[in-house]
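Because the structure is predicted, anything quoted here is derived from the model rather than measured. Atoms within each ligand, like the ligands themselves, are counted from 1 in listed order. All residue numbers in this chain count up from 1 along the given sequence.
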Amino acid sequence: MFHSAALKLTMWYLAIIMALSIGLSVALYYVSNIELTKSANRTLDFYNIVFGPDDKGAFSNERLQQLSKDRAHLRNNLVLFNVGVLLVGGGASYALARRTLQPIEEALEAQKRFTGDASHELRTPLTAMQTEIEVALRSPSLSKKEATDLLKSNLEEVGKLRNLSEGLLILATASNNDLPKQKVLIKDAVEQAAQAVAKLAKSRKISIKTSARPIQVVGNHQQILNLLSILLDNAIKYSQPGGEVELTAKISDQQAIISVIDHGQGIEASDLPYIFERFYRADASRSKNHIEGYGLGLAIAKKIVDLHNGSIEVASTPNMGSTFIVKLPLTKHQPIDI
Ligand code: ADP
């Protein structure tokens with residue numbers, strides 16, 4: 001598809017180049033022809049004066065032959081020039097067409113991969129639900145308890161599907177202009193995020209320590225809350241029971257610096273470059289420990305940070321823990337720190 005599009009675009013570029021080149025050549029031919037004719041006429045007038053109208057004949061014929069030779073020479077040169085433009089222009093047009101189409105091709109490829117990955121992830125909970133329902137329907141005497149268990153399990157899968165579709169929606173649609181922004185107090189977001197993951201932390205016997213200065217940024221409170229919740233959620237998920245997770249916020253270099261620190265399983269250096277990619281899950285989280293997730297959390301976190309003109313980075317050592325650092329631009333005036 002892209003090959004034929006590149007050829008079509010090449011044809012268009014080449015048609016434009018050739019139209020310009022032929023147009024200019026025709027104009028050049030006419031202007032040069034006028035000048036050549038003028039020059040020949042001047043010579044003929046000169047012969048007329050020097051040799052008189054009777055004797056100029058032989059010289060005049062010679063000069064007129066010369067004029068038609070010059071014209072033919074000019075035409076040949078212009079035709080050769082246009083053939084050259086056609087060849088060089090054809091090659092250059094093709095290269096330019098490929099270059100123009102390359103980002104579109106890459107974006108389409110990424111879109112295809114995203115859709116493929118998303119439908120693959122959507123299929124897993126749907127298949128689980130389908131199997132459970134089919135088994136239940138085949139059972140001749142489904143007890144009330146079995147039916148309740150089935151519904152509970154289905155509800156869990158529906159919850160997962162909802163989370164997944166919400167994540168996909170943020171990744172697919174949110175742009176800087178869609179995001180209503182106001183002044184956000186990071187301290188509030190930190191406390192609310194810690195609150196949001198408190199249940200998960202408790203179930204995994206992990207304590208959360210927060211310390212935040214009264215820092216203000218321009219942004220979307222809900223999205224910043226989501227960002228911190230994703231990082232805290234991961235810190236808890238990838239820590240050993242009984243561990244500790246820290247969430248701190250301070251100002252440095254005229255930026256809000258938010259750190260989420262855990263002392264959990266850490267991330268292998270080979271995984272680090274990819275963890276912010278959509279659907280990427282390090283092997284350790286996929287297989288060894290069966291920690292639930294779709295590999296979308298950090299991609300969403302990165303998207304939220306980008307929408308706030310900030311940055312996110314990670315430092316991690318396997319079996320020692322990870323530190324995620326988010327930097328966000330501050331508002332002009334900061335609340336007084338007491
Ligand atoms: P998910 O947690 O759903 O797999 P994420 O996008 O949030 O997806 O994270 C991508 C991968 O990065 C995870 O699969 C995990 O391997 C790794 N990761 C993220 N946060 C941490 C962390 N705090 N400690 C160790 N590994 C982490």
Inset, instruction - Run the numbers for me: atoms of ligand 1, each under 4.0 Å from some heavy atom of Gly266, listed by number. - result: 25 (C), 26 (N)
Legend entry - Min N/O separation Ala299 to ligand 1 under 3.5 Å: no
Legend entry - Heteroatom distance test (Tyr280, ligand 1): nitrogen or oxygen, under 3.5 angstrom: no
Legend entry - Lys/Arg cation over aromatic Tyr47: Arg63, 6.0 Å, 45° cone: no
Inset, instruction - Work out whether the distance between some heavy atom of Phe276 and some atom of ligand 1 is less than 4.0 Å. - result: no
Legend entry - Same cluster (ILVMFWY, side-chain, under 4.5 Å), Phe46 and Leu44: yes
Legend entry - Leu296 contact mode with ligand 1 (heavy-atom cut-off under 4.0 Å): backbone
Inset, instruction - Drop me the distance from Asp271's CG to Glu277's CD, to the nearest 0.5 angstrom. - result: 11.0 Å
Legend entry - Ile257 vs Leu328 side-chain heavy atoms within contact, under 4.5 Å: no
Legend entry - Ligand-side contact atoms (ligand 1) for residue partner Ala282, heavy atom cut-off under 4.0 Å: 14 (O), 16 (O)
Legend entry - Salt-bridge criterion met for Lys302 and Asp306 (N-O under 4.0 Å): yes
Inset, instruction - Determine, considering heavy atoms only, which of Ile230, Ile267, Val260 sits nearest to atom 26 (N) of ligand 1. - result: Ile267
Legend entry - Atoms of ligand 1, numbered as shown, that sit under 4.0 Å from any heavy atom of Lys237: 1 (P), 2 (O), 3 (O)
Legend entry - Numbering as shown, the atoms of ligand 1 that approach Gly295 to under 4.0 Å (heavy-atom distance): 1 (P), 3 (O), 4 (O), 6 (O), 8 (O)
Inset, instruction - Would you confirm whether Arg204, through its side chain, and Lys237, through its main-chain N or O, come within 3.5 Å as a donor-acceptor pair? - result: yes
Inset, instruction - Indicate, as side chain, backbone, both or neither, the part of Ser322 found under 4.0 angstrom from ligand 1 when only non-hydrogen atoms are considered. - result: side chain
Inset, instruction - Provide the number and element of each atom of ligand 1 under 4.0 Å from a heavy atom of Ile275. - result: 10 (C), 12 (O)
Inset, instruction - Kindly indicate whether the side chain of Asn33, heavy atoms from C-beta on, has any atom under 4.5 Å from the side chain of Arg71. - result: yes
Legend entry - pair Leu161-Leu122: side-chain heavy atoms closer than 4.5 Å: yes
Inset, instruction - Could you grab the distance from atom CG of Leu185 to atom OG1 of Thr331, nearest 0.5 Å is fine? - result: 8.5 Å
Legend entry - Heteroatom proximity flag, Asn234 to ligand 1, N/O under 3.5 Å: yes
Inset, instruction - Report yes or no: does Gly264 have a heavy atom closer than 4.0 Å to ligand 1? - result: no
